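What follows is one structure encoded as structure tokens, with my remarks underneath.
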Protein chains: 2
Amino acid sequence: MMVDDQIVFIVDDDERIREALSNLLASHGMRAVVFGSASHYISAVKPDIPACLILDVELPDINGLDLQRQIAEGDHPPIVFITGHGDIPSSVRAIKHGAVDFLTKPFRDADLIAAIHAAIVQDREKRSERAELGVLRQRYLDLTPREREVLPLVVSGLLNKQAAAKLGISEVMLQIHRRNVMQKMAAASLADLVRIAERLEIPITHSRRAGGSLA
Amino acid sequence: MMVDDQIVFIVDDDERIREALSNLLASHGMRAVVFGSASHYISAVKPDIPACLILDVELPDINGLDLQRQIAEGDHPPIVFITGHGDIPSSVRAIKHGAVDFLTKPFRDADLIAAIHAAIVQDREKRSERAELGVLRQRYLDLTPREREVLPLVVSGLLNKQAAAKLGISEVMLQIHRRNVMQKMAAASLADLVRIAERLEIPITHSRRAGGSLA
DNA sequence: ACGCAATGCATGGATTTCCATAGGTGCGCA
DNA sequence: TGCGCACCTATGGAAATCCATGCATTGCGT
């Protein structure tokens with residue numbers, strides 16, 4: 001059976017390698033899409049599902065490691081490098097920058113398959129994490145400017161009274177903002193809101209007594 | 001000037017290498033301690049300050065990579081591997097397991113020095129993080145069994161009333177426990193306590209409406 | 001011109017939290 | 001045996017939070 005909720009991208013300039021890898025993956029029930037160069041990969045429209053990128057280091061247009069750096073900014077699938085003429089500095093750099101593995105040809109099929117599985121598992125987790133964060137960020141965008149001012153004060157542990165004073169508004173008004181924030185952020189409790197704020201990396205302004213002074 | 005609040009451990013079986021590295025580090029104002037084998041390094045009493053371990057992969061008693069795995073459990077300084085006969089799989093494994101760098105002889109002095117600096121900076125941060133966590137953990141140990149039951153309920157966002165019901169005690173008693181927890185954990189506010197609990201990885205039991213349902 | 005969203009204020013009551021005081025039980029250790 | 005500690009309860013008042021109702025101003029887009 002062909003697993004359909006995940007995919008493997010293969011970027012290699014050698015037609016025979018592409019063919020061989022395609023067959024290997026197919027025999028393991030995995031869907032693969034091949035590209036002959038980095039630019040083809042970049043410009044292609046890729047499905048938005050858990051994936052893995054098998055990347056040859058030596059490509060005609062862009063070096064595999066450079067491609068890795070280029071796509072490092074945005075969201076991209078974990079990379080498994082393969083190479084015919086690898087050197088240690090390259091492998092070190094690749095792994096340091098997050099590559100899942102760095103295999104030298106010839107490699108054992110089992111090693112590649114294992115690396116791909118690890119990569120896809122990793123991508124699944126990363127994507128689910130991203131999705132959750134995305135929801136939170138979207139909710140944060142729904143806040144009004146004032147509410148965005150209230151949030152950090154509240155999660156800093158200030159009393160409503162103190163937070164209101166900081167903003168120069170009445171305590172009642174702050175309570176309303178606070179309540180709206182809780183609702184829009186879908187926080188079940190203050191504790192919840194604090195954890196959400198943590199994930200959104202909202203800075204704490206000036207805790208009632210700075211964050212666990214550790215004294 | 002010799003920097004005295006940090007140190008570099010060198011483990012290499014070649015006397016000349018040890019000598020050369022010692023001199024190199026000395027010329028950069030860094031204190032170094034050399035060992036001729038892994039077991040010597042392991043059994044040595046090492047100062048508890050920011051450090052870096054320069055580790056030869058090929059050692060007479062234990063393989064450098066195996067040593068890395070052995071000490072992976074506990075706290076140990078970041079490792080910079082050096083080797084005369086390195087291979088790619090070794091380098092990949094080393095970096096995957098957290099090594100800062102993997103240099104093949106001959107390497108440029110500047111590369112080693114750069115790696116050492118990076119390693120020590122990393123160790124500094126790791127140590128400071130560990131120290132903070134250590135303080136929190138110590139405080140947690142000061143809690144009584146009951147207080148340790150109260151903490152997760154409180155940071156889950158339950159009302160005192162609800163938490164008290166869960167424990168089958170009166171609301172007043174729970175308030176007292178809660179208060180003691182706040183004091184012992186040195187939390188300035190509930191928000192603070194939530195963040196502290198996060199760092200201690202205290203599980204949330206059953207939020208008033210499960211943790212940001214993300215619906 | 002009108003509606004709507006955002007911001008603001010006030011009052012009042014129900015609920016919850018915070019804190020202090022007073023007291024009781026059981027357990028371990030000097 | 002006596003002391004301390006953890007644990008439990010009850011009462012009562014002060015402070016803070018939660019919530020609803022009612023209303024005013026500003027600014028933006030239709």
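The shown structure was predicted, so the numbers you read here are calculated from the model rather than taken from an experiment. Below, chains carry the letters A, B, ... as their sequence lines are ordered, and counting in each starts from 1.
Looking at A/I7 and A/P47, their side chains come closer than 4.5 Å, going by heavy atoms from C-beta outward. For the pair A/Q183/A/R179, a side-chain contact is recorded, criterion being any heavy-atom separation below 4.5 Å from C-beta on.
Atom P of nucleotide D/dA16 and atom CG of A/L190 are separated by 16 Å, given to the nearest angstrom. For the pair A/I169 CD1 and C/dA10 C1', the computed distance is 14 Å after rounding to whole Å. As a whole-Å value, the separation of B/Q162 CD from C/dT15 C1' is 12 Å. Residue B/M173 contributes atom CE, which lies 16 Å from atom P of C/dG24 at whole-angstrom precision. One can place CD of A/E147 at 7 Å from P of C/dA6, the figure rounded to the nearest angstrom. Here D/dT17 presents its P atom at 14 Å from CG of A/L193, a figure rounded to the nearest Å.
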Would you sort out whether B/Q6 and B/R124 count as a side chain to side chain donor-acceptor pair (under 3.5 Å), showing the intermediate values? CA-CA 9 Å; B/Q6 61 185 53; B/R124 252 179 229 290; 2.7 Å; yes

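In the helix from C/dA1-D/dT30 to C/dA30-D/dT1, the rotation axis of the first five pairs and that of the last five pairs differ in direction by 40°, rounded to 10 degrees.
A sub-4.0 Å separation between OP1 or OP2 of C/dA6 and a side-chain N or O of A/H177 is absent. Close to C/dT7, at under 4.0 Å from its OP1 or OP2, lies a side-chain N or O of A/T144. Listed pair B/R146 / D/dC8 meets the phosphate criterion, a side-chain N or O lying under 4.0 Å from OP1 or OP2. Side-chain nitrogen and oxygen atoms of B/S170 include none within less than 4.0 Å of the OP1 or OP2 phosphate oxygen of D/dA10.
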What string of B, S and - do you get for nucleotides 25-30 of chain C, 5' to 3', if B is base contact, S is sugar-phosphate-only contact and - is no contact with any protein heavy atom under 4.0 Å? ------

Scoring nucleotides 16-23 of chain C by protein non-hydrogen atoms under 4.0 Å (B base, S sugar-phosphate only, - none) yields SBBB----

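Each ring-ring contact (aromatic ring centres under 6.0 Å, His included) pair with one or both residues in residues 36-57 of chain A, not counting sequence neighbours, appears once here: A/F9-A/Y41, A/F35-A/Y41. Listed by first and then second residue, the ring-ring contact (aromatic ring centres under 6.0 Å, His included) pairs involving residues 53-82 of chain A are A/F81-A/F102 (not counting sequence neighbours).
One distance of note links CG of B/L159 with CD of B/E171; it measures 8.5 Å at 0.5 Å rounding. Taking CZ of A/R146 as the reference point, atom CG of A/L167 lies at 5.0 Å (rounded to 0.5 Å).
Legend: residues meeting salt bridge (charged side-chain N to carboxylate O under 4.0 Å, His left out) with B/R69, ordered by chain and number and at least two apart, are B/D66.
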